[in-house]
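Data block below; observations after.
All values derive from a computational prediction rather than experimental measurement. We name chains A, B, ... by the order of the sequence lines, and we start the count at 1 in each one.
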Amino acid sequence: MAEHRYNPQEIEARWQEVWARERTWEVANESAGDGRGEAREGEEGPPAPKSYVLEMLPYPSGEPHIGHLKTYSVGDAIAHFHRRLGRRVLHPMGYDSFGLPAENHAIRTGVHPRVSIAESIESFRRQFHSWGISIDWSREFATSEPSYYRWTQWIFLELFRAGLAYRKEAAVKWCPKDQTVLANEQVDAEGRCERCGALVEVRQLEQWFLRITDYAERLLSDLDLIEWPEHVKTMQRNWIGRSEGAEVYFRCEELGIDYPVFTTRPDTLFGATFFVMAPEHPDVLRLAQGTEHEQEVREYVNRALNETNEERGNAEKPKTGVPLGRTVTNPVNGEQLPMYVADYVLMEYGTGAIMAVPAHDERDYAFARAFGLPIRRVIAPPDDPEVELPYTGDGVIVGSHPDFDGMPNREAIGAIVEWLDREGKGHASVNYRLRDWLISRQRYWGTPIPILYCESCGMVPVPVEQLPVELPDIDDYQPKGRSPLAAAEDWVMTTCPQCGGQARRETDTMDTFVDSSWYYLRYCDARNEHAAWDPAALREWMPVDQYIGGVEHAILHLMYARFFTKALADLGHVSFQEPFQALFTQGMVTKDGAKMSKSRGNVISPASIVERLGADTARSYILFVGPPDQDADWSDEGVEGVHRFLSRLWRLAADTAERAGSPTAEPAAAGAGEGADLELLRKAHWAIDKVSADLRRFAFNTAIAAVMELLNEGSRLRDSVDVRTLRFALATAASLLFPFAPHVSADAYDLLTGERVWEQPWPEADETLLERDSYELVCQVNGKVRDRVQASADASPQALKDLCRAAPNVRAHVDGREIVREVVVPGKLVNLVVR
RNA sequence: GCGGCGGUGGCGGAACGGUAGACGCGGGGCCCUCAAAAGGCCUUGCCCGAGAGGGCGUGUGGGUUCGACUCCCACCCGCCGCACCA
């Protein structure tokens with residue numbers, strides 16, 4: 001027998017060439033009329049169902065890392081599985097190519113981002129090919145191409161027209177290092193820039209926002225419609241931060257102004273003893289004006305505004321504040337409450353002003369103690385009226401008003417809100433933590449915002465027929481606190497489409513999250529030059545059936561994309577409410593328990609693994625190492641183990657093909673009805689059943705383990721079975737392994753059967769072979785396993801009891817004692833309960 | 001503090017309420033070889049025992065059950081998200 005050696009490099013190059021030449025993974029739109037439905041069985045039946053399998057698009061920076069390998073290994077396994085289940089699968093690829101990293105790289109090296117991005121994209125593309133990922137390359141695009149961002153701009157204008165994109169001055173998060181404004185979501189818990197780690201400052205600037213808050217309620221409630229991991233839904237719910245309560249008006253009589261506050265505890269209104277405003281509140285200085293506290297307030301506000309979020313956000317820090325020298329009226333009892341400014345009140349939540357109830361709020365309590373303010377108990381548990389303050393739990397209303405005293409506080413909330421409403425002093429209200437999305441960036445490498453400022457007409461949207469507003473080439477990307485585009489005078493100066501007069505272009509660009517909020521729509525109709533998409537193409541493919549990506553996008557990208565979809569649905573451009581029907585979030589790949597990073601020197605490059613052991617090994621290992629939704633630690637020994645497995649599979653397949661003579665897809669040897677042949681046949685059908693079930697639940701690790709078991713069994717029985725049975729078992733193993741290790745599987749399958757495995761339907765397990773006619777019956781005494789005996793599958797419960805009682809080691813343990821109960825689980829065990 | 005997810009051999013991890021530890025790594029022994037690499041075979045939770053077998057074992061303590069890694073209650077530890085959110 002010839003010496004067969006597994007040569008992944010040769011095998012992988014050969015099959016990749018076939019797939020590229022034949023454009024195997026391309027799917028045409030049915031709306032385009034080419035009708036490559038590829039419905040397999042039953043030509044007259046309904047067309048094959050579609051499946052849109054999508055991995056989050058990569059940011060092309062340098063080379064793909066091991067996390068990319070994991071994402072696309074998962075996605076490709078699903079795509080292949082769906083195809084072989086007979087679905088038409090859309091599995092595209094693109095690049096999220098605008099953004100800060102490319103621009104910062106340009107600043108460092110002087111290489112234009114367009115050039116460095118093109119290099120990175122080429123590297124990504126080459127590696128994705130070398131991994132053998134089944135991509136429809138005909139739909140590829142990069143978000144920095146004018147043919148793409150033209151439509152990003154179009155969507156912006158649609159949002160602008162609908163009032164969902166607007167400009168306002170706001171206290172915004174400013175990164176002093178990157179010299180740009182950031183979205184709230186891009187500032188981490190310590191108040192640092194997500195990208196560069198610099199401490200973020202607050203500045204008052206005119207900025208562009210998208211009105212995502214209009215969608216807070218729908219973004220929250222529609223989470224119930226989608227099959228996403230619970231923890232991702234939870235994160236989104238937390239981020240939206242819905243709370244129910246009331247808005248209540250506190251009037252400052254001296255100035256004649258009503259100040260609304262939001263409270264979740266209207267039941268504690270009678271316990272309010274002071275009133276606090278955020279330092280950013282626009283009225284703070286005005287209120288203090290002319291009072292003895294004016295100077296002190298001014299200083300306090302300045303200090304507070306210059307504090308970092310890190311310093312200010314610390315709940316442990318002692319409460320500080322300054323009196324404003326004014327009072328407001330408590331609407332429920334007419335009391336005058338002293339006003340304060342204090343930094344524990346946040347402008348961005350609620351109304352920027354609060355009623356303070358020190359008896360029942362920990363922060364208000366701390367403030368009241370620090371400033372010697374009265375503390376009035378208005379809620380008490382019935383059994384413990386002297387409960388220690390602050391008390392934030394439930395109880396009954398006390399010392400408030402005869403109408404409410406004695407009422408359980410939960411009930412009182414409704415009654416008090418009703419009363420406020422009647423009196424015109426407040427109303428029920430829902431508040432969200434979610435803020436509008438700040439999308440303007442004072443940077444070069446992004447989608448230009450298609451807006452003009454005309455001296456006479458004011459703010460004017462660029463007419464759609466003039467899109468794209470192309471990003472001009474410039475030499476100096478250095479941020480200077482304004483967009484580098486502002487220096488490109490030729491570009492900035494233009495004419496107003498309304499009056500023909502002079503106009504200046506908006507020089508800010510869009511956050512890259514805007515680009516990635518709709519790319520999944522563009523894939524459906526990627527070459528359309530007349531529209532962002534043909535609605536028929538979206539009807540054909542959307543929503544994405546399976547979305548795959550890192551959990552780090554649980555809030556930002558996934559929330560923005562959902563918002564875009566809903567806004568576009570309201571504008572009549574799409575006909576669905578949610579873009580991603582099912583979501584899978586894969587875990588991180590670590591090395592020695594730590595995140596891979598250049599500084600740690602523990603980076604495993606996918607390219608080096610692919611070069612040394614092959615793409616099939618790299619892909620299979622990353623899926624075999626553990627459940628894909630959990631973090632996995634890379635092990636050099638582990639990857640060798642998977643390589644050994646693929647190698648053994650291929651070698652045995654090659655030997656067997658040679659031994660069996662002409663390749664054929666004939667199911668199995670005619671004489672496979674008994675003995676070792678039957679055993680191996682059964683194992684093959686067991687594996688079909690197991691891998692199919694495991695693929696449906698993303699349990700790739702156990703699916704691969706099942707194929708290993710099948711190979712082990714084939715290997716063990718290789719000389720005891722008919723070669724045709726062995727051929728069938730190995731072809732089955734290759735077929736089942738194809739979604740994970742496509743090249744070696746295609747090759748082995750071809751050697752054994754002469755057929756193309758990807759053109760074969762997914763195998764179906766023969767139910768009759770999943771059942772055995774005899775099995776090992778577990779015999780327990782008092783729940784402990786004492787013996788095992790062979791039992792026939794059709795044995796009656798009584799027969800099983802008899803078998804168990806007769807088992808030698810069972811008899812030793814029963815030993816004359818009384819059997820009080822016999823539990824029979826047919827197919828599994830018998831448990832004798834003895835006394 | 002609130003919410004989510006976890007805790008199983010030396011390691012990664014398997015286990016519809018029914019044989020705990022599949023599969024792989026690592027370890028030990030052997031075969032092939034002049035030797036090595038590669039490959040193959042056997043073995044491998046811990047303790048007692050020559051063996052048959054027995055005892056103990058899924059973070060801790062209780063509970064439900066003929067039977068619990070799995071379900072319930074209380075707690076401990078770890079990771080992730082949010083957090084002065086009114």
* Asked: Has Glu362(A) got more than 12 heavy atoms of other residues, nucleotides or ligands less than 6.0 Å from its CD?
  -> no
* **For rC30(B), the Watson-Crick or wobble partner whose two distances fall under 3.5 Å** => rG40(B)
* Structure fact -> Between CG of Asp689(A) and C1' of rC16(B) the distance, given in whole Å, is 13 Å
* Asked: What's the CZ-C1' distance between Phe645(A) and rC23(B), to the nearest Å?
  -> 10 Å
* To do: Could you tell me which residues satisfy ring pair (Phe, Tyr, Trp, His ring centres under 6.0 Å) with Phe367(A), sequence neighbours excluded, listed by chain and number?
  => Phe274(A), Tyr340(A), Tyr344(A), Phe371(A)
* **Length of the line joining Phe740(A):CZ and rC23(B):C1', which is rounded to integer Å** => 13 Å
* Asked: salt bridge (charged side-chain N to carboxylate O under 4.0 Å, His left out) between Asp655(A) and Arg718(A): does it pass, once the steps are laid out?
  -> CA-CA 10 Å; Asp655(A) 285 353; Arg718(A) 60 189 297 181; 3.7 Å; yes
* Does the side chain of Thr264(A) pick up a donor-acceptor pair with the side chain of Glu244(A) at under 3.5 Å? -> no
* To do: Return the value, rounded to whole Å, for the distance between atom CD1 of Ile555(A) and atom C1' of rC82(B).
  => 8 Å
* With distance as the sole criterion, is a donor-acceptor pair present between the side chains of Tyr560(A) and His553(A) under 3.5 Å? -> no
* Tyr300(A) and Thr320(A): side chain donor to acceptor below 3.5 Å -> yes
Would you list the atom pairs, donor with acceptor, under 3.5 Å between side chains in residues 701-709 of chain A and any protein atom, with sequence neighbours excluded?
| unit_1 | atom_1 | unit_2 | atom_2 | d |
| --- | --- | --- | --- | --- |
| Thr702(A) | OG1 | Asp694(A) | OD2 | 2.8 |
| Thr702(A) | OG1 | Ala699(A) | O | 3.1 |
| Glu709(A) | OE1 | Lys683(A) | NZ | 2.9 |

* Between rG10(B) and rC46(B), how far apart are the P atoms? Round to whole Å, please. => 7 Å
* Touch class at under 4.0 angstrom, heavy-atom based, for Val345(A) against every strand present -> base
Can you pull every protein N or O that's under 3.5 Å from an N or O on nucleotides 51-54 of chain B?
| unit_1 | atom_1 | unit_2 | atom_2 | d |
| --- | --- | --- | --- | --- |
| rG54(B) | OP1 | Arg786(A) | NH1 | 3.2 |
| rG54(B) | OP1 | Asn809(A) | ND2 | 3.0 |
| rG54(B) | OP1 | His813(A) | NE2 | 3.3 |

* Output the single nucleotide from rA86(B), rC82(B), rA14(B) whose closest atom is nearest the side chain of Ser243(A). => rA86(B)
* Any side-chain N or O of Arg433(A) under 4.0 Å from OP1/OP2 of rA83(B)? -> yes
* To do: Using heavy atoms to find the nearest nucleotide of RNA chain B for Leu829(A) and Gly626(A) separately, return the residue whose nucleotide is more 5′.
  => Gly626(A)
* Let me know the distance between CZ of Phe624(A) and C1' of rG24(B), rounded to the nearest Å. => 4 Å
* Start with the C-alpha distance between Asp631(A) and Lys591(A), add both sets of side-chain angles, then the distance that settles salt bridge (charged side-chain N to carboxylate O under 4.0 Å, His left out), and finish with yes or no. => CA-CA 10 Å; Asp631(A) 289 352; Lys591(A) 183 75 197 346; over 6 Å; no
* Would you mind reading off the distance between Met708(A) atom CE and rC25(B) atom C1', rounded to a whole angstrom? => 10 Å
* Asked: Just checking, is any N or O donor in the side chain of Arg651(A) or Ser647(A) under 3.5 Å from an acceptor N or O on the other one?
  -> yes
* Structure fact -> Regarding the side chain of Ala705(A), the nearest nucleotide among rU19(B), rA86(B), rC23(B) is rC23(B)
* Would Arg410(A) and Asp394(A) count as a salt bridge (charged side-chain N to carboxylate O under 4.0 Å, His left out) if you check the C-alpha gap in whole Å, the side-chain angles of each, and the deciding distance to 0.1 Å? -> CA-CA 7 Å; Arg410(A) 294 275 148 201; Asp394(A) 288 332; 2.9 Å; yes
* To do: Have a look at Asn431(A) and say if it touches a base, only the backbone sugar-phosphate, or nothing, with a 4.0 Å heavy-atom cut-off.
  => nothing
* **Neighbour count above 12 (heavy atom, 6.0 Å) for Arg697(A) CZ** => yes
* Structure fact -> The side chain to side chain contact (heavy atoms under 4.5 Å, CB included) partners of Val74(A) (sequence neighbours excluded) come to Ile548(A), Phe584(A), Leu623(A), Pro628(A), Phe698(A), Phe700(A)
* Residues in contact with RNA chain B, drawn from residues 632-642 of chain A - heavy-atom cutoff 4.0 Å -> Glu637(A), Gly641(A)
* Asked: Where the side chain of Val625(A) is concerned, which of rA83(B), rG12(B), rA86(B) is the nearest nucleotide?
  -> rG12(B)
* In whole Å, what is the span from the OH atom of Tyr344(A) to the P atom of rG1(B)? -> 21 Å
* **Mate of rG18(B) where both pairing distances stay under 3.5 Å, Watson-Crick or G-U** => rC66(B)
* **Nucleotide paired to rG3(B) in any strand shown, Watson-Crick or G-U, under 3.5 Å** => rC80(B)
* To do: Would you check, one step at a time, whether the test salt bridge (charged side-chain N to carboxylate O under 4.0 Å, His left out) holds for Glu640(A) with Arg612(A)?
  => CA-CA 10 Å; Glu640(A) 296 284 351; Arg612(A) 197 160 55 82; 3.2 Å; yes
* Tyr349(A) side-chain proximity, nearest of rC85(B), rG24(B), rC82(B) -> rC85(B)
* Structure fact -> Across all chains, not counting sequence neighbours, the side chain to side chain contact (heavy atoms under 4.5 Å, CB included) partners of Asn809(A) are Arg786(A), Asp787(A), Ala812(A), His813(A)
* Asked: Counting only non-hydrogen atoms, which of residues 693-701 of chain A are less than 4.0 Å from RNA chain B?
  -> Arg697(A), Asn701(A)
* To do: Check the distance between rG24(B)'s C1' and Ile622(A)'s CD1 and give it to me in whole angstrom.
  => 15 Å
* Asked: In terms of ring plane angle, is the pair Phe275(A) and Phe250(A) parallel, tilted or perpendicular, where the classes change at 30° and 60°?
  -> tilted
* Asked: Does Glu637(A) have any side chain to side chain contact (heavy atoms under 4.5 Å, CB included) partners at least two apart in sequence or in another chain, and if so, which?
  -> Ser635(A)
* Anything under 30° is parallel, anything over 60° is perpendicular, the rest tilted; go ahead and classify His4(A) against Trp650(A). => perpendicular
Please write out each protein N/O paired with an N/O of nucleotides 4-6 of chain B under 3.5 Å, distance rounded to 0.1 Å.
none

Is there any protein nitrogen or oxygen under 3.5 Å from a nitrogen or oxygen in nucleotides 65-74 of chain B, and what are the pairs?
| unit_1 | atom_1 | unit_2 | atom_2 | d |
| --- | --- | --- | --- | --- |
| rC66(B) | OP1 | Arg821(A) | NH1 | 2.7 |
| rC66(B) | O2' | Asn831(A) | ND2 | 3.3 |
| rC66(B) | O2 | Asn831(A) | ND2 | 2.7 |

* To do: May I ask you to test the Met277(A)-Leu324(A) pair for a side-chain heavy-atom distance under 4.5 Å?
  => yes
* Asked: Does the pair Asp361(A)/Arg265(A) count as a salt bridge with the N-to-O cut at 4.0 Å?
  -> no
* Asked: Does rG55(B) adopt a syn or an anti glycosidic conformation, taking syn as a chi angle within 90° of 0?
  -> anti
Sort me out a list of protein N/O and nucleotides 38-44 of chain B N/O pairs below 3.5 Å, or just none if empty.
| unit_1 | atom_1 | unit_2 | atom_2 | d |
| --- | --- | --- | --- | --- |
| rG39(B) | O3' | Arg651(A) | NH2 | 3.3 |

* **Results of side chain to side chain contact (heavy atoms under 4.5 Å, CB included) for Arg716(A) - residues two or more places apart only** => Glu679(A), Glu713(A)
* Across all strands shown, which nucleotide pairs with rG10(B) by Watson-Crick or G-U wobble geometry, both distances under 3.5 Å? -> rC25(B)
